[in-house]
Amino acid sequence: MRTNLEIRDRYKDIIYPIAVFVAIIIIWQAIVVCMDIPGYLLPAPSDIVSVFFTDTENLMKHAWITTYEAVTGFFIAVVISILIGIVMDFIPIVRKSLYPLMLTTQMIPTITIAPLLVIWFGFGMLPKVLMVTLTCFFPILISFVDGLENIDKDYLNLFKTMKAGKIDTFRHLKFPMSMEKFFSGLKISATYAVMAATVAEWLGGTEGLGVYMLRSKKAYALDKVFASTILIVILSLIFVGIVHLVRKSVLKKYNK
């Protein structure tokens, strides 16, 4: 009986948000049609959906560029975060020296960094990748370092009594037990990756969803603006979903 109730509650958690979303779309469509609102002010949902069919090739081309920038920048951020996190764990003075500076840099709005990257590195893909890396780097690093520092002291003492060295302690204790918080940082950064790439494209680029969105806005094609926004959300959700699946797989391996 309890299992049936849990299943029912789980279905409700899925059905209720979908029902509300569908209701909003229907009301939106009805308002636009009944009030005869022009498309350059507020496009109808049906017009937005039609963009995915009428401008598929163009939309997918720009989406691929943005996705590539987001994935590349995110991957670089993960690698750099792990390397710096390991150095900070093995050499405490590095953490004490660098951590405050890294914290300070996060107070700089990313939208002010993008134009500088464009000036320094041009309008190609490199400044967009760097923008994603800079945006995703800090949440991953903080979560990883926090996971390494908050290991139960009883476990650490146990490894000391077993005369385990720093490398063995890190490999068999600290790294596996930091994965939970590490993936929390990955999830946060995954939500930023596509957005960071898009912002960088807004401020200087020739391809990508950010460029597609700006061109559509200047042409008052708000249906395309909405379509590209929806695609950005979908890409971000896919990104987070992939991180979630990898997290489940990795944690399952370490929890055996």
Side-chain angles (χ1 to χ4, degrees), residues 59-88 98-99 102-103 105-118 120-148 175 178-213 228-251 253-254:
L59 198 58
M60 290 302 106
K61 181 188 77 172
H62 289 287
W64 163 248
I65 297 296
T66 301
T67 302
Y68 182 81
E69 293 165 352
V71 171
T72 305
F74 183 78
F75 180 76
I76 294 172
V78 171
V79 173
I80 293 175
S81 299
I82 291 175
L83 292 176
I84 294 179
I86 292 172
V87 172
M88 285 183 171
L98 292 182
Y99 190 85
M102 291 180 180
L103 184 62
T105 60
Q106 293 308 298
M107 299 176 187
I108 302 173
T110 54
I111 200 168
T112 63
I113 299 174
L116 295 176
L117 294 176
V118 171
W120 293 336
F121 301 105
F123 291 91
M125 194 171 289
L126 179 59
K128 285 75 173 179
V129 171
L130 290 175
M131 181 70 172
V132 176
T133 301
L134 291 172
T135 304
C136 296
F137 162 73
F138 194 72
I140 300 172
L141 177 65
I142 289 300
S143 301
F144 184 47
V145 171
D146 190 45
L148 293 173
F175 188 76
S178 66
M179 285 295 98
E180 185 72 44
K181 290 195 174 182
F182 173 68
F183 275 100
S184 296
L186 283 185
K187 270 191 174 182
I188 294 170
S189 293
T191 62
Y192 294 156
V194 179
M195 178 187 68
T198 305
V199 170
E201 291 163 355
W202 283 346
L203 300 175
T206 56
E207 292 180 301
L209 287 174
V211 175
Y212 180 89
M213 192 181 295
S228 55
T229 302
I230 291 170
L231 195 51
I232 289 169
V233 173
I234 292 172
L235 290 174
S236 298
L237 289 174
I238 292 172
F239 222 58
V240 173
I242 292 172
V243 171
H244 179 70
L245 291 175
V246 174
R247 172 185 172 275
K248 286 180 68 176
S249 177
V250 171
L251 293 183
K253 175 185 174 183
Y254 280 121

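- Each of His62, Met213, Met60 was checked for a side chain to side chain contact (heavy atoms under 4.5 Å, CB included) with Leu231, and the lone residue meeting it is Met60.
- A pairwise comparison of heavy atoms in Ala70 and Ala197 identifies N-CB, 4.4 Å as the closest pair.
- Side chains of Thr66 and Tyr212 form no contact here, defined as non-hydrogen atoms less than 4.5 Å apart.
- Proximity of Leu186 to Val246: side-chain heavy atoms (C-beta onward) are nowhere separated by under 4.5 Å.
- In this structure, the separation between CE on Met131 and OG1 on Thr135 is 4.5 Å, given to the nearest 0.5 Å.
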Inset, instruction - Determine, stepwise, if the pair Tyr68 / Val129 fulfils side-chain contact (heavy atoms from CB on, under 4.5 Å). - result: CA-CA 9 Å; Tyr68 182 81; Val129 171; 5.5 Å; no
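- At least one side-chain heavy atom of Val78 sits under 4.5 Å from a side-chain heavy atom of Phe182.
- Distance OG1/Thr67 to CD1/Ile238: 8.0 Å, rounded to 0.5 Å.
- For Val145 against Gly85, the heavy-atom pair with the smallest separation is CG2-CA, 4.0 Å.
- To the nearest 0.5 Å, the span separating CZ on Phe137 from OG on Ser189 amounts to 10.0 Å.
- Panel note: side chain Thr191, backbone Ile188; a donor-acceptor pair is recorded below 3.5 Å.
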Inset, instruction - Decide yes or no on side-chain contact (heavy atoms from CB on, under 4.5 Å) for Leu209 and Leu59, but give the supporting numbers first. - result: CA-CA 8 Å; Leu209 287 174; Leu59 198 58; 4.2 Å; yes
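- Here the shortest heavy-atom pairing between Phe74 and Cys136 reads CD1-SG, 4.0 Å.
- More than 12 heavy-atom neighbours from other residues, nucleotides or ligands sit within 6.0 angstrom of CZ on Phe183.
- Met195 is not listed as a side-chain neighbour of Ile232, based on a closest heavy-atom distance of 4.5 Å or more.
- Remark: side-chain polar atoms of Lys128 are paired, donor with acceptor, to backbone N or O of Gly124 under 3.5 angstrom.
- To the nearest 0.5 Å, atom OG of residue Ser184 and atom CD1 of residue Ile142 are 13.5 Å apart.
- Within the model, atoms CG of Leu148 and CE of Met179 stand 7.5 Å from one another, a figure rounded to the nearest 0.5 Å.
- Using bins of under 30°, 30° to 60° and over 60° for the plane-to-plane angle, the ring pair Phe175/Phe144 lands in the perpendicular bin.
- Side-chain atoms of Thr198 never come within 3.5 Å of backbone atoms of Gly210 as a donor-acceptor pair (strictly under, hydrogens ignored).
- Contact record, Phe239 with Ala190: CD2-O, 3.5 Å, taken as the closest heavy-atom pair.
- Contact record, Val211 with Glu201: CG2-O, 3.7 Å, taken as the closest heavy-atom pair.
- Once rounded to the nearest 0.5 Å, the distance linking CG of Leu130 with CE of Met125 reads 12.0 Å.
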Inset, instruction - Begin with the C-alpha distance, continue with both residues' side-chain angles, and end with the deciding distance and a verdict on side-chain contact (heavy atoms from CB on, under 4.5 Å) for Thr72 and Val132. - result: CA-CA 8 Å; Thr72 305; Val132 176; over 6 Å; no
